[in-house]
Amino acid sequence: MSWSVLEALLSRPEDVKRMLRARGYSTDLVEEFLRVDREWKELKKRVEELRHEHNLITRSIRQVKSEEERRALVEKARSIISELESLEVKLKELENLRNMILRRFPNLIREEVYQICPEDAEEVPLRYWGRPKVYREDLEKFLTEIRRSGHDVEYDVIDWKPIGHADMLENVLKLGDTEKAGEVAGSRFFYIFDDIVWLDLALALYALDYLSQKGFRIVIPPYMLKHEYMTSVIDFEALKDAIYKIEGEDLYLIGTSEHPLACYLAKRELLEQDLPILFAGFSPCFRREASAGSRDLKGIFRVHQFHKVEQFVFCLPEESDRWQDFLINNAEELWRGLEIPYRVVLVCPKEMGRTAAKQYDLEAWMPAQATFREMVSCSNCTDWQSYRLHIRVVRKGMKREYVHTLNSTAIATTRAITAILENHQEPDGVVKIPKVLRKYLEVLPGAPKDYIVPKNVKR
RNA sequence: GCCGGGGUGGCCGAGCCAGGCCCAAGGCGCGGGACUUGAGAUCCCGUCCCCGUACAGGGGGCGUGGGUUCAAAUCCCACCCCCGGCGCCA
C-alpha cells in the first residue's frame, strides 16, 4: 500500500518535479526528500540489525542454566542497548523529518491537465451555459473574453446598467447591513434580513433536497476540528492564515464541511462494497481571508462566515475521475435550476488547490461586473487526504489501497445570493426568485415567493 | 467534575492478577484454492504496519505518551476516550 506521491518520488522523481514547477514551486524539496529517505533507510537497517541481535540474546536467556553464562548474556544485551540508544533517537528524528517533508508535497497533477492547460494559463473554459445579460457598454469586454476562450456564446444585450450585488442588497432592497457588522465584528461580516434570510435557507434546502435524491447522505458535521485532523485534510502550512483558531483549545473552525466530512472515515478500513460513500454536508464555513487583501470588500461575496452545501465522495481509486464528472454535473444542474448563466473551467496547475489532482470551477456570470466569478470548486483529491487520514479499502486478494476523495461545492448561499441579485434583477430593482426555490418558500407565510421587491416599488 | 468498570488486529473476543516458546488463542467477516453442473456445506491456505525489486529474512505493533527490566499486551506513571452511577448545566 503506497501513497501515489511517495511512489512517484521513489520511482519517477522527475514527475514530481514537473508537478512542482507547474504549480510554481521550487523543486528542491524532491532532492531534500530523497537525501533524507536514503539516510533514514540506512540507519533503519542498522538499527534493526542491532535489535535483531538483541532479541536473539534476550530469547536465549531463559534457556540458559548457569548463572555465569546468564550474567554474560545480560551484560551483552545491555551493551547492545546502550549502543542502540543514540541510534534510535537519531532514527526517530530522521523519520519525523522524512514525514514532515513528505507532507509538504502538493498532490500530483492528472496528465490531462498538463495537456489541456497552456503554459502559464490560470484556467481553460470548457463549456458555457445560459444567455448572459450583457450591458451595452460592457459588450466589447464580454466579447473579447469569450472570443479568447474559443467558444461561441449566445447572449442578450441590455440597455440599462445592472446594479452590483452589494448595492442591491444594502441600498436597493435594504436587506443587508455590512456597515454595522463591520463595526461590531469587523469587515467581511454581515447582517442579512427577512427575504434574504429565507432565500439563504431555501438555497440550502434546494441543494440538500436535490443531493439527497441523488444518493447522498445529508449531514451536519462538527464545525470545529482538532489540529491533527485539520492538518490532514488541508495543507495546513500553506493555509494556516485562512483558518480560525479557538483560543486556548486544540480546535480550529472549519473552512468548509469538506474538512469534517473527510475526517468521518479517518483510520477506517473499508470493503469494496462499502464504496462509493456520498455525503452532502451542510454547515457554516469560516475563513479568515487574510490573503485576500482588499479584494471584494463590498457586500457578501467574500466573507468570513457563510453557509454552504458541499458534496463529498469516497470511492475506489480507478473510479474517481468518473465521480468528479458526476459532482460537477450535479453542481451544473443545481445552477441551471437557479437560471444563472455560467461556465465551467478547468483550473490550471498555477491556480489549483494543493490537495487537488484535477479541479473544475463553475463560474457564474455577474452582469454588473461583466465577468464570470467562482461559485463552485470541484476537486479530485485522489489519495492525498486518505493517505493522511489513513482511509483504506481492502481489495480482492486482501490488498489494501487508499481510497480517493472528492469534493465539490453544491451551493454556497451568500455567493449564490450575489449571483441571483445581479442576474435576476429587473430595471426597477425587483429581484425575481428562481422557480426551483418556490417549493421551499411556499410553506413559509412570511417568506417571499416569486419576487423580492424593494419597499418603494409597487408590484 | 467525582466514584466505579473498561479500551487487544476490519469486527467480536481470550490473554493481564503470578512479565519470557504471545512477533497475540479462538470466532466472524473478507480473499484464494480443493470438492460441486451451480449454490450451499465441508476442508486447506491467507488476511496489522514498515524495511527488503522479489524469494528469503528482519523490525515494530495490544487507546496515546513516558518509565522499570536482559525481556512488557502483561508491572509503574501521566494523558485521552468509552460505559454505568452521582453531581452540575441546557
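Remember, predicted model here, so these are calculated numbers, not experimental data. Chain identifiers are assigned alphabetically (A, B, ...) following the order of the sequence lines, protein sequences preceding nucleic acid strands; residue numbering begins at 1 within each chain.
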Scan the side chains in residues 381-388 of chain A for donor-acceptor partners under 3.5 Å anywhere in the protein, sequence neighbours excluded, and list what turns up.
| unit_1 | atom_1 | unit_2 | atom_2 | d |
| --- | --- | --- | --- | --- |
| Thr382(A) | OG1 | Asn107(A) | OD1 | 3.4 |
| Thr382(A) | OG1 | Asn107(A) | ND2 | 2.9 |
| Asp383(A) | OD1 | Trp3(A) | NE1 | 3.3 |
| Asp383(A) | OD1 | Ser4(A) | OG | 2.7 |
| Asp383(A) | OD2 | Ser4(A) | N | 2.8 |
| Asp383(A) | OD2 | Ser4(A) | OG | 3.1 |
| Trp384(A) | NE1 | Phe105(A) | O | 3.0 |
| Gln385(A) | OE1 | Thr405(A) | OG1 | 2.7 |
| Gln385(A) | NE2 | Val233(A) | O | 3.0 |
| Gln385(A) | NE2 | Glu258(A) | OE2 | 2.9 |
| Ser386(A) | OG | Asp383(A) | O | 3.4 |
| Ser386(A) | OG | Val403(A) | O | 2.6 |
| Arg388(A) | NH1 | Thr231(A) | O | 2.8 |
| Arg388(A) | NH2 | Arg103(A) | O | 2.3 |

Side-chain donor-acceptor pairs of residues 440-449 of chain A under 3.5 Å, sequence neighbours excluded:
| unit_1 | atom_1 | unit_2 | atom_2 | d |
| --- | --- | --- | --- | --- |
| Tyr440(A) | OH | Asp209(A) | OD2 | 2.5 |
| Glu442(A) | OE2 | Arg438(A) | NE | 2.7 |
| Glu442(A) | OE2 | Arg438(A) | NH2 | 3.1 |
| Lys449(A) | NZ | Leu444(A) | O | 3.0 |
| Lys449(A) | NZ | Ala447(A) | O | 2.6 |

In residues 45-52 of chain A, what donor-acceptor pairs under 3.5 Å come from side-chain atoms, sequence neighbours left out?
| unit_1 | atom_1 | unit_2 | atom_2 | d |
| --- | --- | --- | --- | --- |
| Arg46(A) | NH2 | Glu83(A) | OE2 | 3.1 |
| Glu48(A) | OE2 | Lys44(A) | NZ | 2.9 |
| Arg51(A) | NH1 | Glu88(A) | OE2 | 2.4 |

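The separation between Asp274(A) atom CG and C30(B) atom P is 11 Å, rounded to whole Å. Distance CG (Leu10(A)) to P (C50(B)): 13 Å, rounded to an integer number of Å. Atoms CD (Glu272(A)) and P (G29(B)) sit 18 Å apart, rounded to a whole Å. One interatomic measurement links the two molecules: CD of Glu42(A) to P of G52(B), which rounds to 12 Å at whole-angstrom precision. Rounding to whole angstrom units, NZ of residue Lys399(A) and C1' of G46(B) are separated by 10 Å. Taking atom CG of Asp37(A) as the reference point, atom C1' of C50(B) lies 12 Å away to the nearest angstrom.
Separation of the C1' atoms belonging to U74(B) and C17(B) is 10 Å when rounded to the nearest angstrom. With P as the reference atom, G15(B) and C75(B) are 13 Å apart, rounded to whole Å. When the C1' atom is used for both U68(B) and G58(B), the distance is 27 Å, rounded to whole Å. Comparing A73(B) with C62(B), their C1' atoms sit 5 Å apart, to the nearest whole Å. Comparing G9(B) with C48(B), their C1' atoms are spaced 5 Å from each other, to the whole Å. Between the P atoms of G7(B) and U64(B), the separation comes to 13 Å (whole Å). Nucleotides U37(B) and C45(B), compared at atom C1', are 26 Å apart to the nearest Å. Distance noted for atom P between C30(B) and C35(B): 22 Å (whole Å).
In this structure, Lys45(A) reaches neither bases nor backbone, as no heavy-atom distance under 4.0 Å exists between it and the strands shown.
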How does protein contact run along nucleotides 53-73 of chain B, one letter per nucleotide 5' to 3', with B for base contact, S for sugar-phosphate only, - for none, heavy atoms under 4.0 Å? -----BSS---------BS--
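The distance from the CG atom of Asp450(A) to the NZ atom of Lys432(A) is 9.5 Å, given to the nearest 0.5 Å.
Side chain to side chain, Ser377(A) and Gln359(A) meet the donor-acceptor criterion of an N or O pair below 3.5 Å. Side-chain contact annotation: Arg336(A) with Tyr342(A), donor-acceptor N/O pair under 3.5 Å present.
Partners of Asp167(A) according to the salt bridge (Lys or Arg N to Asp or Glu O under 4.0 Å) rule, which considers only residues two or more places apart in sequence or in another chain, are Lys298(A). Residues satisfying the salt bridge (Lys or Arg N to Asp or Glu O under 4.0 Å) test with Asp250(A), not counting sequence neighbours, are none. For Arg23(A), the salt bridge (Lys or Arg N to Asp or Glu O under 4.0 Å) criterion is met by no residue, not counting sequence neighbours. Under the salt bridge (Lys or Arg N to Asp or Glu O under 4.0 Å) criterion, Glu289(A) pairs with Arg302(A), sequence neighbours left out.
If you find the closest nucleotide of RNA chain B to Lys226(A) and to Lys41(A), the one lying nearer the 5' end belongs to Lys41(A).
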Tabulate atom names and distances for all N/O pairs under 3.5 angstrom spanning the protein and nucleotides 7-13 of chain B.
| unit_1 | atom_1 | unit_2 | atom_2 | d |
| --- | --- | --- | --- | --- |
| G10(B) | O4' | Glu269(A) | OE1 | 3.0 |

Intra- and inter-strand pairs of RNA chain B in dot-bracket (Watson-Crick or G-U wobble, both distances under 3.5 Å; | for another strand): ((((((((.[[[..)....(.....]]]((((((.......))))))((((.....))))..[[[[[..)....]]]]])))))))....
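In summary, the aromatic rings of Phe312(A) and Phe314(A) are positioned with their centroids under 6.0 Å apart.
Listed by first and then second residue, the ring pair (Phe, Tyr, Trp, His ring centres under 6.0 Å) pairs involving residues 249-302 of chain A are His227(A)-Tyr252(A), Phe236(A)-Tyr252(A), Tyr264(A)-Phe279(A), Phe282(A)-His307(A) (not counting sequence neighbours).
With salt bridges taken as basic N to acidic carboxylate O contacts below 4.0 Å, one links Glu269(A) and Arg400(A). For Asp177(A) and Lys180(A), the salt-bridge test fails: no basic side-chain N is under 4.0 Å from an acidic carboxylate O.
Using a 4.0 Å cut-off on heavy atoms, none of the residues of residues 93-103 of chain A approach RNA chain B.
Residues Tyr191(A) and Thr178(A) fail the side-chain proximity criterion, which asks for heavy atoms closer than 4.5 Å.
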